[in-house]
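So the structure is just underneath, and the comments pick up after that.
Quick note on labels: first sequence line is chain A, next is B, and so on, each numbered from 1. Being a predicted model, the structure only gives us computed values, none of them experimental.
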2 protein chains.
Amino acid sequence: MEISNDTQALVSARRERSLTTIVRDRLEQMILQGELGAGTRLNEQALSKVLGVSRGPIREAARLLEREGLVASVANQGAFVRQLSIEEALELYDLRAAIAGYACAQLAERASAVEKREMREMVEEMDRCITAEEEARYFELNLVFHDRIAELSGGKRTLELYTSLGKEVRLLRRRVLRGTESMRFSNEEHKQIVGAIQDGDAAAARKAAEQHHINGKRRWLDTL
Amino acid sequence: MEISNDTQALVSARRERSLTTIVRDRLEQMILQGELGAGTRLNEQALSKVLGVSRGPIREAARLLEREGLVASVANQGAFVRQLSIEEALELYDLRAAIAGYACAQLAERASAVEKREMREMVEEMDRCITAEEEARYFELNLVFHDRIAELSGGKRTLELYTSLGKEVRLLRRRVLRGTESMRFSNEEHKQIVGAIQDGDAAAARKAAEQHHINGKRRWLDTL
DNA sequence: AGAGTGAAAACTGTTGACAATTTGAAAACG
DNA sequence: CGTTTTCAAATTGTCAACAGTTTTCACTCT
């Protein structure tokens, strides 16, 4: 049973993190992993039984997810896992591109030597993954790489928006594993981004980051 | 007493809009109008008495505002009206600039003839406000103009983000009335934006919109 | 007088119960 | 046989009470 497991987590983490945030993370996980498919209603009773908490925290968690774009609420009908159209997904890619561009431009002006080094090393590590054909690990590092850029750019809201849009788009995109070639192209673009940041060339960094995300959009679109 | 008023709204709108969203809008209003100053705790008991609802809807509304960036929650201490630092405000201006740039670029490619005409007329109307020295009205039209652009760009999330960032920045900015000269400069920039959209020149529209927001940031910064 | 202590007050976190609404299926009707 | 009506079950919306935490403030001890 899931209950005991969650209840345990509940007890240990109690009064540090509220049940609401715990439920929020759990629901987010369930949604992003497809456990709760698009369009599914978040049945409060059922969830409260499964997660071992009352309906209050679940409702609050749903509100949090609503603003994050992962669920949509209808009055008197509850919250549903959001259904993303392709058009909406494309829009999200564009918005993410714009924000990533800004983040990289900022980073080009702000980044310290150690930060630059960190990013260089991440790209090199991804290169190793390509030659070793470790696609899953490349995928993971790629996510970390981009989130880290948003984080290092210094803006809290920038990071929030970037990761939030990333989660949102994952509603539709079932983990696109790309094949060696595609990874190689992708990482070449990473190198351009990191290179521009290293040179302190904000305009170039911005352009490279935007183009990278736009290319990502195209790659994703091609898989449909 | 406020209670009767709110209770009335409650009864009339009941089961159409949930109490949560009503409370949300009311709280948002109170925050943006400075009725609840930055750093104030949203006392659930007090608010439930004033608004005439129980604490549940208030908690949920607070969660909505949390994701919108208007309040920040601390475990076991509740929700506080967010305190925006100048650095954060500058970041918000930049993000908004990036999104506005994207929206205008989209609009340059998508806008219909009537939409172009609508925007031209808004700018002309603002011009009239300047010569008539109706600053308040100009201020109002300016807000509508930008929100309308975001709306016409077609992306739902784009509009959401743009308006959300706008509200967030208002936490700090007490309505900057700018004087005739400043309005004139501002509206000249509007003309550039509209012109580029009219020409279908996405790159120019984007650049003009971004620059306009960056200039807005500078104007705001100068008033400190 | 000032720092520490401890209980009481105020508040948030959570719950279970009740009210209102929607949904789905059986029954009534054409 | 298909359509409408009605009613019960399921579900969301709201509330008030209880549990746990933080804050306040009077009191003690040095």
Side-chain angles (χ1 to χ4, degrees), chain A residues 2-4 6-27 30 36-37 39-67 70-82, chain B residues 2-27 31 36 39-67 70-82:
Chain A
E2 290 288 307
I3 296 179
S4 59
D6 285 306
T7 307
Q8 233 174 4
L10 185 160
V11 172
S12 69
R14 214 151 94 116
R15 304 301 132 135
E16 249 167 81
R17 304 187 56 200
S18 69
L19 282 188
T20 296
T21 61
I22 296 174
V23 170
R24 192 201 82 94
D25 289 347
R26 183 84 183 87
L27 287 181
M30 290 170 90
L36 292 170
T40 309
R41 187 177 65 217
L42 299 183
N43 186 316
E44 295 174 4
Q45 277 186 176
L47 287 173
S48 79
K49 233 183 269 183
V50 172
L51 300 179
V53 300
S54 75
R55 282 172 52 217
I58 289 181
R59 288 178 64 85
E60 284 185 38
R63 297 300 183 186
L64 286 175
L65 293 172
E66 184 178 352
R67 262 299 154 188
L70 292 185
V71 310
S73 294
V74 180
N76 296 320
Q77 285 181 276
F80 297 80
V81 178
R82 183 151 163 237
Chain B
E2 289 290 307
I3 297 179
S4 61
N5 195 358
D6 284 308
T7 307
Q8 233 174 3
L10 186 160
V11 172
S12 70
R14 216 150 94 115
R15 304 300 132 142
E16 251 166 79
R17 304 186 56 200
S18 69
L19 281 187
T20 296
T21 62
I22 294 174
V23 170
R24 193 202 82 93
D25 289 347
R26 183 85 183 88
L27 287 180
I31 291 173
L36 292 170
T40 309
R41 187 177 66 214
L42 299 184
N43 187 316
E44 294 174 6
Q45 282 186 169
L47 287 173
S48 79
K49 234 183 268 184
V50 172
L51 300 179
V53 300
S54 75
R55 283 171 50 217
I58 288 180
R59 287 178 66 84
E60 285 185 37
R63 297 302 183 187
L64 285 176
L65 292 172
E66 184 178 352
R67 268 298 158 189
L70 292 185
V71 310
S73 294
V74 181
N76 295 322
Q77 285 181 280
F80 297 79
V81 177
R82 183 149 162 238

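With R26(A) as the fixed residue, the side chain to side chain contact (heavy atoms under 4.5 Å, CB included) test singles out one of I58(A), V53(A), L51(A): L51(A).
The phosphate of dT22(C) (OP1 or OP2) has a side-chain N or O of N76(A) nearer than 4.0 angstrom. For dT12(C), neither phosphate oxygen OP1 nor OP2 lies less than 4.0 angstrom from any side-chain nitrogen or oxygen of R59(B).
Counting atom types as modelled, R55(B) pairs a side-chain N or O with a base atom of dG13(C) as donor and acceptor under 3.5 Å.
Residue contacts shown for L47(A) are absent, as no nucleic acid heavy atom lies under 4.0 Å away. Across all strands shown, G56(A) has heavy atoms under 4.0 Å from base atoms, whether or not it also approaches the sugar-phosphate. Within 4.0 Å (heavy atoms only), I58(B) reaches no atom of the nucleic acid at all.
Between R63(A) atom CZ and dG13(D) atom P the separation is 6 Å, expressed in whole Å. Distance CG (L42(A)) to C1' (dT12(D)): 13 Å, rounded to an integer number of Å. Atom pair N43(A):CG and dT23(C):P shows a separation of 13 Å (rounding to whole Å applied). With rounding to whole Å, L19(B) atom CG is found 13 Å from dT12(D) atom C1'. Remark: P of dC15(D) and CG of L51(B) are 11 Å apart, rounded to the nearest angstrom. Distance CD (E44(B)) to P (dT14(D)): 16 Å, rounded to an integer number of Å. The separation between I22(B) atom CD1 and dG13(D) atom P is 13 Å, rounded to whole Å. Distance NZ (K49(B)) to P (dA16(D)): 13 Å, rounded to an integer number of Å.
In terms of position on DNA chain D, the residue among T20(B) and Q45(A) whose nearest nucleotide sits closer to the 5' end is Q45(A). With DNA chain C read from its 5' end, the first of the two nearest nucleotides for R41(B) and Q77(A) is the one closest to R41(B).
Side-chain contact check for L27(A) versus L47(A): some heavy-atom pair is nearer than 4.5 Å. Under the 4.5 Å side-chain criterion, counting only non-hydrogen atoms from C-beta, E44(A) is in contact with R59(A).
The nucleotide whose nearest atom lies closest to any side-chain atom of P57(A) is, among dT12(D), dC11(C), dT15(C), dT15(C).
Considering every non-hydrogen atom in both A62(B) and V71(B), the closest pair reads O-CG2, 3.5 Å. V81(A) and G37(A) make their closest contact through CB-O, 3.4 Å (heavy atoms, listed as atom of the first residue, atom of the second, distance). Of all the heavy atoms in S54(B) and S48(B), the pair that sits closest is C-CB, 4.0 Å. Across all their heavy atoms, R63(A) and S73(A) have their closest contact at NH1-OG, 3.9 Å.
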**OP:** Whenever both distances are under 3.5 Å in a Watson-Crick or G-U wobble pair, mark it; put DNA chain C into dot-bracket that way, with [ ] for crossing pairs and | when the partner is on another strand.
**Re:** ||||||||||||||||||||||||||||||

